[in-house]
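Data block below; observations after.
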Amino acid sequence: MPDTHTHWRTDRPVDGFYTTELGADPGQPVRTFLPDDYLPRYPYPLLVLFHPQGGNEEQVLRLAPRLSRRNFVSIGLRGPDRLGDRADGSPACGWGGPGADGATDVLLRAVEQTRRTYHVHTERVYLVGVGDGAAAAYRAAFALGDRVAGVAALNGTLPRATNGAPLFRIDQVRRLRVLIAHGEGVPAERDHRVFYGAGATVRRITYPTTRLCREMLKDVNKWVITQVNAEHDLLVRAAR
């Protein structure tokens with residue numbers, strides 16, 4: 001979007017965390033985590049975090065330093081639906097029902113704003129959905145196709161198709177990389193079969209817990225870095 005459509009307000013950074021407003025609407029903040037010793041000349045992968053139902057951008061971005069303090073620029077988005085307040089007084093938000101396009105619009109504007117401010121690699125945008133936020137991340141990835149490098153779903157599942165329409169087209173997922181990381185009780189086996197059958201590169205990891213755990217976050221970090229290193233190796237071989 002043109003710069004004239006964006007109104008900026010940046011809070012003081014606290015331990016690498018920043019807040020900016022998205023567009024002219026103060027109800028759409030973007031929370032950013034910069035890696036330690038941020039290098040402006042290095043094109044960082046960008047992680048976009050989608051909070052669970054009833055969460056917000058502050059809550060979900062607290063996962064960023066636990067994923068990695070050095071490897072990524074990370075942003076947390078606020079779902080467009082206001083559901084009330086959380087116990088701590090912060091807003092409780094959601095991403096809308098099946099087929100809602102609010103997540104995609106918020107994502108596009110947030111990524112463009114982040115690109116104008118920090119050095120991120122345009123072909124290394126990874127979506128990370130937590131709980132019900134995984135459905136929003138999946139919907140955004142299906143809509144954006146090649147503009148998204150991969151999706152990680154943490155304790156979340158695919159959204160359900162509505163009105164008899166297919167959830168996605170084969171060409172929307174054939175080149176998509178997917179990590180399904182979940183604890184006990186999350187019905188993710190079907191999702192693995194769906195992506196595998198569509199030709200996506202998909203990995204599924206199950207953990208002996210019902211909550212997000214350190215091992216799950218470490219595996220997300222490892223998964224993204226593995227993709228980045230593989231891309232680098234291909235470029236090096238192509239240049240020889």
Side-chain angles (χ1 to χ4, degrees), residues 13 15-20 22 29-40 42-52 55-79 95 103-104 106-141 143-144 146-156 176-182 201-203 205 212-232:
D15 297 329
F17 289 92
Y18 300 74
T19 297
T20 55
L22 186 59
V30 176
R31 190 76 164 141
T32 303
F33 177 75
L34 287 186
D36 293 346
D37 302 320
Y38 170 75
L39 303 173
Y42 174 75
Y44 287 88
L46 176 64
L47 300 190
V48 184
L49 280 70
F50 292 74
H51 61 74
N56 58 49
E57 73 291 346
E58 172 71 25
Q59 170 213 22
V60 74
L61 197 66
R62 288 295 166 184
L63 296 176
R66 296 171 59 192
L67 288 162
S68 173
R69 297 199 65 94
R70 293 185 177 276
N71 291 337
F72 319 113
V73 172
S74 302
I75 59 176
L77 307 183
R78 177 180 293 185
W95 297 100
T104 303
V106 171
L107 169 63
L108 284 172
R109 291 189 292 146
V111 170
E112 181 59 30
Q113 176 171 289
T114 303
R115 287 180 56 198
R116 289 199 298 267
T117 312
Y118 308 112
H119 195 180
V120 298
H121 199 298
T122 58
E123 296 179 2
R124 295 175 182 168
V125 177
Y126 290 85
L127 312 185
V128 181
V130 180
D132 295 324
Y138 280 137
R139 285 196 297 265
L144 297 177
D146 289 348
R147 285 181 283 181
V148 171
V151 181
L154 311 185
N155 281 345
L176 189 65
R177 286 162 285 192
V178 180
L179 174 64
I180 302 171
H182 65 94
T201 301
V202 56
R203 184 183 181 196
I205 309 175
L212 293 182
C213 59
R214 182 174 63 178
E215 290 76 15
M216 192 182 294
L217 300 178
K218 286 173 61 177
D219 285 339
V220 174
N221 174 55
K222 186 186 304 183
W223 176 73
V224 175
I225 292 302
T226 298
Q227 313 300 327
V228 170
N229 288 341
E231 291 173 9
H232 178 266

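Values reported hereafter were calculated over all heavy atoms of this structure, with side chains retained and with hydrogens, waters and symmetry mates removed.
- Atom NE2 of residue His51 and atom CG of residue Leu77 lie 8.0 Å apart, to the nearest 0.5 angstrom.
- Scanning for side-chain hydrogen bond (donor to acceptor under 3.5 Å, both in side chains) contacts around Glu58 gives Arg31, Arg62, with sequence neighbours left out.
- The side-chain contact (heavy atoms from CB on, under 4.5 Å) test applied to Glu215 returns Tyr207, Cys213, not counting sequence neighbours.
- For Asn56, the side-chain hydrogen bond (donor to acceptor under 3.5 Å, both in side chains) partners at least two apart in sequence or on another chain are Ser90.
- Among all heavy-atom pairs drawn from Gly76 and Leu61, the shortest one is N-CD1, 3.5 Å.
- Using a 4.5 Å heavy-atom threshold, the side chains of Asn71 and Val224 count as separate.
- Side-chain contact between Glu112 and Arg116 is present, with at least one heavy-atom pair separated by less than 4.5 Å.
- A pairwise comparison of heavy atoms in Leu212 and Asn155 identifies N-ND2, 3.7 Å as the closest pair.
- Lys222 is linked by a side-chain contact (heavy atoms from CB on, under 4.5 Å) to Asp219, Thr226, counting only residues two or more places apart in sequence or in another chain.
- In terms of the ring-ring contact (aromatic ring centres under 6.0 Å, His included) criterion, Phe72 has no residue partners (sequence neighbours excluded).
- In this structure Ala153 satisfies the side-chain contact (heavy atoms from CB on, under 4.5 Å) test together with Ala134, Tyr138, sequence neighbours excluded.
- Using a 4.5 Å cut-off on side-chain heavy atoms (C-beta onward), Leu154 and Leu217 make contact.
- Pairs engaging residues 65-77 under the salt bridge (charged side-chain N to carboxylate O under 4.0 Å, His left out) rule: Asp36-Arg69, Asp37-Arg70 [sequence neighbours left out].
- In this structure, the side-chain hydrogen bond (donor to acceptor under 3.5 Å, both in side chains) partners of His182, at least two apart in sequence or on a different chain, are Arg204, Thr206.
- Using a 4.5 Å heavy-atom cutoff, the side chains of Leu108 and Leu144 are in contact.
- The aromatic rings of Trp223 and Tyr126 stand perpendicular to each other, their planes meeting at an angle above 60°, with 30° marking the opposite boundary.
- The minimum heavy-atom distance linking Phe33 with Ser68 is given by the pair CE2-O, 4.0 Å.
- Residues meeting the side-chain hydrogen bond (donor to acceptor under 3.5 Å, both in side chains) test with Arg203, sequence neighbours left out: none.
- Trp95 contributes no side-chain N or O that, together with a main-chain N or O of Ala137, makes up a donor-acceptor pair within less than 3.5 Å.
- Contact annotation: the side chain of Leu49 never approaches that of Val130 to less than 4.5 Å [non-hydrogen atoms, C-beta and beyond].
- Every side-chain contact (heavy atoms from CB on, under 4.5 Å) that Tyr38 has, sequence neighbours left out, goes to Leu34, Pro35, Pro40, Tyr44, Val73, Tyr118, His119.
- In this structure, CD in Gln59 is found 9.5 Å from CD in Glu57, a value given to the nearest 0.5 Å.
- Rounded to the nearest 0.5 angstrom, Ile75 CD1 and Leu46 CG are separated by 5.0 Å.
- Under the 4.5 Å side-chain criterion, counting only non-hydrogen atoms from C-beta, Leu107 is in contact with Leu127.
- Although no hydrogens or angles enter the test, the distance criterion places a donor-acceptor pair under 3.5 Å between the side chain of Arg177 and the main chain of Ala149.
- Looking at Arg147 and Val111, their side chains never come closer than 4.5 Å, going by heavy atoms from C-beta outward.
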